[in-house]
There are 2 protein chains.
Amino acid sequence: MKDKATSFDIAYLAGVSQSTVSRALRDSPQVNKETREKVQAIARQLNYKVDKNASNLRKQRSSTLALLLFEDPTTDESLINPFFLSMLGSITRACARNGQDLLVSFQQLSDDWHADYEDSKKADGIILLGYGDYVDYEEKLAKLLAQQTHFVCWGAEVLGHPEFTIRSNNWQGGYLAGEHLLNTGHRHFAFIGNASEGSPEFSARYQGFIDALAKAGITPQQVPHFDAISTESAGDQATAALLDSGVSIDAIFCASDLIAIGVMRCLKRRGINVPEQIAVMGFDDIPAASFASPGLSTIQQDTSKAGELLVNNLLKLINNQPITDNLIEPKLVVRQSCGAAGNSAN
Amino acid sequence: MKDKATSFDIAYLAGVSQSTVSRALRDSPQVNKETREKVQAIARQLNYKVDKNASNLRKQRSSTLALLLFEDPTTDESLINPFFLSMLGSITRACARNGQDLLVSFQQLSDDWHADYEDSKKADGIILLGYGDYVDYEEKLAKLLAQQTHFVCWGAEVLGHPEFTIRSNNWQGGYLAGEHLLNTGHRHFAFIGNASEGSPEFSARYQGFIDALAKAGITPQQVPHFDAISTESAGDQATAALLDSGVSIDAIFCASDLIAIGVMRCLKRRGINVPEQIAVMGFDDIPAASFASPGLSTIQQDTSKAGELLVNNLLKLINNQPITDNLIEPKLVVRQSCGAAGNSAN
DNA sequence: CTGAAAGCGCTTACAG
DNA sequence: CTGAAAGCGCTTACAG
């Protein structure tokens, strides 16, 4: 039967002009209460919905945000870092709370991003999510900046625009990890993860860790460091290299939980007990951290707050409001992998 | 400087009409090759992008699909089933391959869904994803049907419209699980999961399992069955109940991996060895299945193919094309939790 | 408080 | 092969 109803259909049925319908539907106080209610009743009855394309076109605003999730090019195609998946969840919810729709797209870091969501008016702004190589990354951000695109990004800093970034206090997280490992009686450490300047988040974690150890008189030179991107298999391989190198350690701090899980797998294969022989500490608190056996002690990033902040700050940017808050404080989560008493419930 | 360029700006610079610009940009063969290239060059130079709101309005088509991910109302708010997260990934990619944008939204099953994406012209169709209670679910589907919304859904069947569903052959999956458990020498089974008619997917898995066992002369009455929704803690609790009931078993088939992980946690707490004393089998093959210790043997659902099918079939529905394929064949993944030789690489 | 009118930026018959 | 014109369905000055 019905071709979709328009505001003209409602106007006709209500005996008012189409402009009045438009106002009434947006709850304009300008329009008489009776008229307003009558119009709204008819709209409901016809199951009328404002045509977003028409209203966006007219308003020059889409009430839509785009999320670009980019992955490390070396990662297995089908596997997305669970940490980002969890962020995706909280971003989606934050969008809903703010009356925004969310367009989602996965990109390879190496690609030319399809960052034209704002140019084509599909979205009012962009959220960038992913651990990436900072160097590659920077160019693309510069381009977005040049096009005056509204965007925020997780983790990596935008040159000259700290307000575009939302991130965890990674240094503090690393520090907490170091403290905990020290408190649980460990003295011989290794770090696994990429701590180069290409990975500013990981290297901040490393630095916090080192700074915590310094308080116990341990120097950076005493802490062997093995590179790994944020995957299970990279952690596994780095651990093998670490063990084969013959250094004697009793604790490993990993730049991410995914790495830590790979580390534990390697240790288990080699018959080394966690935490009795070697303690393992992760970072992120992805769901798998609690599934692991022993439960992985880690530094939690509050993804729920992060998603909220990402969306709110982007909206502020779009509306030319000042940004006040963009740091998330990490939290120590104690399970069993470092030998402290963990609560079995988690 | 620049307000965003429009097709009129390009027309002016190219010395042609705006209609010609529009045609040239869409690679219409109607327009002279030279003109076309000239127009396209200017567009590139101005960094021109077609305004989607305007073109959607005019074409009455959005080239956008909406994904509604709804969760079991009893599940922890922040935790989305990893299986669906993986589906989300493959759906996103399938959309990209088909030139569609993807709007994502999380909903509570109990809510009134915001399923008005198509009414408001924000999307051409909807993908429904989530394990839900079939009974609740059915009403909402009937409503979508009545509004002639284009949609496909995962798992649950739409009354009278089997072509709207894409699902795994759950019966076959359950059958494979039963066979494997039999082949690894087990004889005393339990099933954990909700096998009521409210969960058609789970009950099909149960049925396949029972049918496999029948070949070894085992009757349904010999297989105790404990209810659980698809979460770790539900699996844990159901296992406690199972053990406390005093029945003697040597294998548990779980309706999902999340349940299985909870089962293994409970067994470990009780000092029961997997697989030596009790074998555990999951369903889904979420990432945590391979992280678990021992590695969880399970039935894999091919999320990549599922995502592809969901998107392709929805597009076919929108374009009035016939749907030919909507079944995914599950696959046995052998790890260590059933006592068979698993490959340590996975 | 309400209405007539313009216009957002496209696509696509229609005419040549 | 190209152009002039209509129209997609809204929102919002402008006028009363």
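Each chain gets a letter, A, B and so on, in the order the sequences are listed, and its residues count up from 1.
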Would you call the rings of A:Phe83 and A:Trp154 parallel, tilted or perpendicular, taking 30° and 60° as the class edges?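 Taking A:Trp154 first and then A:Phe83, their aromatic rings sit tilted (interplane angle of 30° to 60°).
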Closest approach of A:Tyr48 to A:Ala5 (non-hydrogen atoms, all atoms of both residues):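 Nearest pair, atom of A:Tyr48 first, then A:Ala5: CD1-O, 3.4 Å.
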[X] [atom1] to [N] [atom2]: how many Å, rounded?
{"X": "A:Leu25", "N": "C:dT2", "atom1": "CG", "atom2": "P", "answer": "14 Å"}
{"X": "B:Asp51", "N": "C:dG9", "atom1": "CG", "atom2": "C1'", "answer": "6 Å"}
{"X": "A:Asn53", "N": "D:dG7", "atom1": "CG", "atom2": "P", "answer": "20 Å"}
{"X": "A:Lys121", "N": "C:dC10", "atom1": "NZ", "atom2": "C1'", "answer": "11 Å"}
{"X": "A:Lys4", "N": "D:dC10", "atom1": "NZ", "atom2": "P", "answer": "12 Å"}
{"X": "A:Glu34", "N": "C:dT2", "atom1": "CD", "atom2": "C1'", "answer": "15 Å"}

When you measure from every atom of DNA chain C, which of residues 36-46 of chain A have a heavy atom less than 4.0 Å away?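 By residue number: none to list.
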Candidates [options] - which lies nearest the side chain of [X]:
{"X": "B:Gln18", "options": "D:dA5, D:dC1, D:dG9", "result": "D:dA5"}
{"X": "A:Asn32", "options": "C:dT2, C:dT12, D:dT2", "result": "C:dT2"}
{"X": "B:Phe8", "options": "C:dT2, D:dT2, C:dC10", "result": "C:dC10"}
{"X": "B:Ala54", "options": "C:dC10, C:dT2, D:dT2", "result": "C:dC10"}
{"X": "B:Val16", "options": "C:dC10, D:dC8, D:dG3", "result": "D:dG3"}
{"X": "A:Leu57", "options": "D:dG3, D:dC10, C:dC8", "result": "C:dC8"}
{"X": "A:Arg26", "options": "C:dT2, D:dT12, D:dT2", "result": "D:dT12"}

With a 4.0 Å cut-off on heavy atoms, is B:Ser55 in touch with a base, just the backbone sugar-phosphate, or nothing at all?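 If one applies the 4.0 Å heavy-atom cut-off, B:Ser55 turns out to touch the sugar-phosphate alone, with no base involved.
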What does A:Ser22 touch in the nucleic acid at a heavy-atom separation under 4.0 angstrom: a base, only the sugar-phosphate, or nothing?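 The answer is base, as A:Ser22 lies within the cut-off (heavy atoms under 4.0 Å) of a base atom.
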Between B:Asp119 and B:Gln147, a side-chain donor and acceptor under 3.5 Å: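 There is such a pair between these side chains.
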Answer with yes or no whether the side chains of B:Ser19 and B:Ser22 bring together a donor and an acceptor at under 3.5 Å.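 No, B:Ser19 and B:Ser22 have no side-chain donor paired with an acceptor closer than 3.5 Å.
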Do NZ/NE/NH1/NH2 and the carboxylate oxygens of A:Glu308 and A:Arg93 come within less than 4.0 Å?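 Result for this pair is no, no salt bridge flagged.
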Can you spot which of A:Leu310, A:Val311, A:Thr64 makes a side chain to side chain contact (heavy atoms under 4.5 Å, CB included) with A:Cys95?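 Answer after filtering A:Leu310, A:Val311, A:Thr64: A:Val311.
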Per-residue pairing states of DNA chain C in dot-bracket (Watson-Crick or G-U under 3.5 Å; . unpaired, | other strand) read |||.||||||||.|||
Looking only at the aromatic ring of each residue, does the gap between the centers of A:Phe70 and A:Phe106 stay below 6.0 angstrom?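 That pair fails the under 6.0 Å test.
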Going by the salt bridge (Lys or Arg N to Asp or Glu O under 4.0 Å) test, which pairs reach into residues 42-56 of chain A, not counting sequence neighbours?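 Every salt bridge (Lys or Arg N to Asp or Glu O under 4.0 Å) pair that includes a residue of residues 42-56 of chain A, provided the two are not neighbours, is A:Asp51-B:Lys121.
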Pairs involving residues 11-33 of chain A, ordered by first then second residue, that meet salt bridge (Lys or Arg N to Asp or Glu O under 4.0 Å) (sequence neighbours left out):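 Sorted pair list: A:Lys33-A:Glu37.
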Taking the side chain as C-beta and beyond, is there a heavy-atom pair between A:Leu315 and A:Asn98 under 4.5 Å?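 Side-chain contact under 4.5 Å: yes.
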So, is [X] close to the [N] phosphate, meaning a side-chain N or O under 4.0 Å from OP1 or OP2?
{"X": "A:Thr35", "N": "C:dC1", "answer": "no"}
{"X": "A:Gln60", "N": "C:dG9", "answer": "yes"}
{"X": "B:Thr20", "N": "D:dT2", "answer": "no"}
{"X": "B:Ser17", "N": "D:dT2", "answer": "no"}
{"X": "A:Tyr48", "N": "D:dC10", "answer": "yes"}

Could you check whether atom NZ of B:Lys38 has more than 12 heavy atoms from other residues, nucleotides or ligands sitting under 6.0 Å from it?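 Not more than 12 within 6.0 Å, no.
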Donor-acceptor pair, A:Asp302 side chain versus A:Ser304 backbone, under 3.5 Å?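 Checked: pair present.
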side-chain hydrogen bond (donor to acceptor under 3.5 Å, both in side chains) against B:Asn320, all qualifying residues, sequence neighbours excluded: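 In terms of side-chain hydrogen bond (donor to acceptor under 3.5 Å, both in side chains), with neighbours along the sequence ignored, B:Asn320 is linked to no residue.
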Between the protein and nucleotides 13-16 of chain D, list every N/O to N/O distance that falls short of 3.5 Å.
from: D:dA13; atom 1: N6; to: A:Arg23; atom 2: NH2; distance (Å): 2.7

